Amino acid sequence: MLHRLISSTGSRRLIIVFAGWGMDDRPLGSLAREGYDIALVWDYRSPAIDWSWADGYAEIGIAAWSMGVAAAALTTGPLAGRITRRVAVGGTLTPVSDTCGIPRAIFDGTLAGLDERRLAKFYRRMFATREAHSAFAAVAPRRDIPGLRDELRAIDAATAGGAAATGAPGARYDRAYIGSADAIFPPEAQARAWRRAGVETVVLEGCGHAVDLADILRREFVDKSTMSARFAGAAPTYESAGTVQAAIVGELLADAAPYLPGDDADVLEVGSGSGMLSRRLRAAMPRARLTMWDIAADAPAGVDAPARFQRCDAELAAAELPAACLDAILSASTIQWFNSPARFLGHCARALRPGGLLAVSTFAAGNLAEISAITGRGLNLPDPDGWAAMLPRGLELLRCTAGTRTITFDSPAAALRHLSATGVNSLGGSARRVLRHLPADPSGRYPLTYRPVIIIARRPDRPSPQ
C-alpha cells in the first residue's frame, strides 16, 4: 500500500482515509478537516504498510471508502489502541460477495475485461451526475491497467472467505454510509452486510458510489481542538450561564444515588469542567478516591482530597485504564463530544469492578435544533434508544431517561451570548445567519431546546450466562 500525508497542520490527531480501487492521491488530495492531519492510503496490491510514520499521533480516525473498507480492517491492527472512530463509505468487509458486496460474476468480468475503455466506464459509473464526473476527470488517477488488474487480484485474495469480517482487528466500524444510487457496490448488499454486522447505516439519497468525503469527515470526526479551546474560553461564565447543565447534573446524581458505592471507593469523573458534578460528588462521597479528567479545564475548585486531576483526552485515557480498577464512573454532558462514545463505554465496562456503576448524561438527536436548522451544523447524535443500545454486553442497563429542556431569550443576540458563555455550540461562522433567522415562539421570545439523556448502568456482580 502507498500513503501520503495530504493535510498537515501540526495536529496530534490524524484521520487516515483509505481510498477505493483504482485511486491514487490525485482525486482526494484536497481533503481536510479542522483539528486533524489527513493521510491518504491507496493501492492495495500489497497489504504491507509500515505505520511508523503515524507514531507521533495520539488519536487516529479511520474513514474507509469502497475497497478501502476491507483494506482498513485488515491492516490497522497495529494502530488499534489509538483509533477512536471507524467510518465506512460505499463498501463492505466482504467486497466480493453475491449477497454482501460486488457479485462474483461482475467482479470477475471486470478483472477479465479491464482495459482503458472499461476503466473510463467504471469511473463514469462512480458518479450520480455528469457534473460530479467532470470535476473528477480533472484530477483523475494516473494508474496503469496491469497494476489495476494486480490490485483486483490482491483484493480478492486478501478478502477471500470473509477475512476482513471475521477476526480482523479493525473490523468493527462505528457507522456506514450508503449511496442510494451506488452503481458499483449494490446498496442493498451494503445494507445487508452492515445489518448482519450490527453497524448503524446512513443512506445518502441520490448519491452514487463516490460521495463527498469532505462532508463525511466533517460529520463524523469531532474537531476536539476547537471544542476544547471553546470550553476553556467559556470557563469563567459556564457556571452562571449553564442553568440547563446544572439541572441535568442534579438529575444525574438523583438517578445515580441509589447505586453509588460506599465511601471506600475509587471513582472517576469524565469531563469535570468547572466542577458542577465534582463538588456534588465529593459532598455525596466525602472519602471516596476521586479522579477527575478534562480535556480543557483546570482542576475544579472546591473539591477536597482525596482527589486528583488529570488533563487528558478521555477517549484515549480510558483505553489505558486497567481492568476492574474503578467502583464508579460518572460523566455529565461530555460523551457527546467523543468520536466514538460506544468504544468509550466499552472501556468503561472493562474498567469497572463487579457491581460498579456507570452514570452519564448526554444529549439526543434534536439537541439545539433551532441552531442546526439554520447553520446545517451540529453533533451527529443518536436518539435515546440509540444511546442505550451503545452499552456493551458487560453492562446492565438500569434506567435510561430522556427529556426536553427549553430556555428562552429576549433576542437572538441573547441566545448567542448563552451559547458562547457555555461553549456548547460552534456556529462555524454562521452567527449572522442565526441573528437573522432564529425563530421566535408565539410569545415573541427566542427558544433553545436541549434534549438530555441520562443513562444509569452497572457491571453485574456475576457474569451473565452466555
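Since the model is a prediction, treat every value here as computed from it, not as a measurement.
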I'd like to know if the side chain of S420 pairs up with that of R417 as donor and acceptor (distance under 3.5 Å, no hydrogens or angles considered).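 No pair is found: no donor N or O on one side chain lies under 3.5 Å from an acceptor on the other.
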
Whether the T362 and Q336 side chains hold a donor-acceptor pair (N or O, under 3.5 Å, no angle test) is what I'd like checked. yes

Kindly indicate, with the supporting measurements, whether the criterion side-chain contact (heavy atoms from CB on, under 4.5 Å) is fulfilled by V434 and Y446. CA-CA 11 Å; V434 174; Y446 295 85; over 6 Å; no

If you compare all heavy atoms of [X] against all heavy atoms of [Y], which two are closest, and at what distance to 0.1 Å?
{"X": "R282", "Y": "P306", "result": "NH2-O, 2.6 Å"}
{"X": "A256", "Y": "L330", "result": "CB-CD2, 4.5 Å"}
{"X": "A72", "Y": "Y173", "result": "CB-OH, 3.5 Å"}
{"X": "G250", "Y": "R280", "result": "CA-NH1, 3.2 Å"}
{"X": "A265", "Y": "D327", "result": "CA-OD2, 3.3 Å"}
{"X": "V222", "Y": "F338", "result": "CG2-O, 4.1 Å"}

Separation between [atom1] of [X] and [atom2] of [Y], rounded to the nearest 0.5 Å:
{"X": "R405", "Y": "L448", "atom1": "CZ", "atom2": "CG", "result": "14.5 Å"}
{"X": "F363", "Y": "R451", "atom1": "CZ", "atom2": "CZ", "result": "12.0 Å"}
{"X": "W337", "Y": "K224", "atom1": "CH2", "atom2": "NZ", "result": "12.0 Å"}
{"X": "I16", "Y": "R86", "atom1": "CD1", "atom2": "CZ", "result": "9.0 Å"}
{"X": "S66", "Y": "I184", "atom1": "OG", "atom2": "CD1", "result": "7.5 Å"}
{"X": "L352", "Y": "I329", "atom1": "CG", "atom2": "CD1", "result": "4.0 Å"}

With a 6.0 Å cut-off on the ring centroids, do W42 and H3 count as close? no

I want to check something: taking the side chain as every heavy atom from C-beta on, are [X] and [Y] in contact at a cut-off of under 4.5 Å?
{"X": "T75", "Y": "W51", "value": "yes"}
{"X": "V303", "Y": "L290", "value": "yes"}
{"X": "W194", "Y": "T92", "value": "yes"}
{"X": "W387", "Y": "C400", "value": "no"}
{"X": "N339", "Y": "E315", "value": "yes"}
{"X": "I38", "Y": "L5", "value": "no"}
{"X": "F18", "Y": "L40", "value": "no"}
{"X": "W293", "Y": "R311", "value": "no"}

Show your working on side-chain hydrogen bond (donor to acceptor under 3.5 Å, both in side chains) between D37 and T9 and close with a plain yes or no. CA-CA 6 Å; D37 286 359; T9 64; 2.9 Å; yes

Run the salt-bridge test on R195 and E188 with the 4.0 Å N-O cut-off and return the result as yes or no.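 Salt bridge absent between R195 and E188.
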
Short N-O contact, R343 and D174, less than 4.0 angstrom: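 Yes, R343 and D174 are salt-bridged.
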
Between the main-chain N or O of P447 and the side-chain N or O of T408, is there a donor-acceptor pair closer than 3.5 Å? no

Over 12 foreign heavy atoms within 6.0 Å of CG, D264: no

Inspect the surroundings of CZ in R308 and state if more than 12 heavy atoms from other residues, nucleotides or ligands are less than 6.0 Å away.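 Count not over threshold, so no.
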
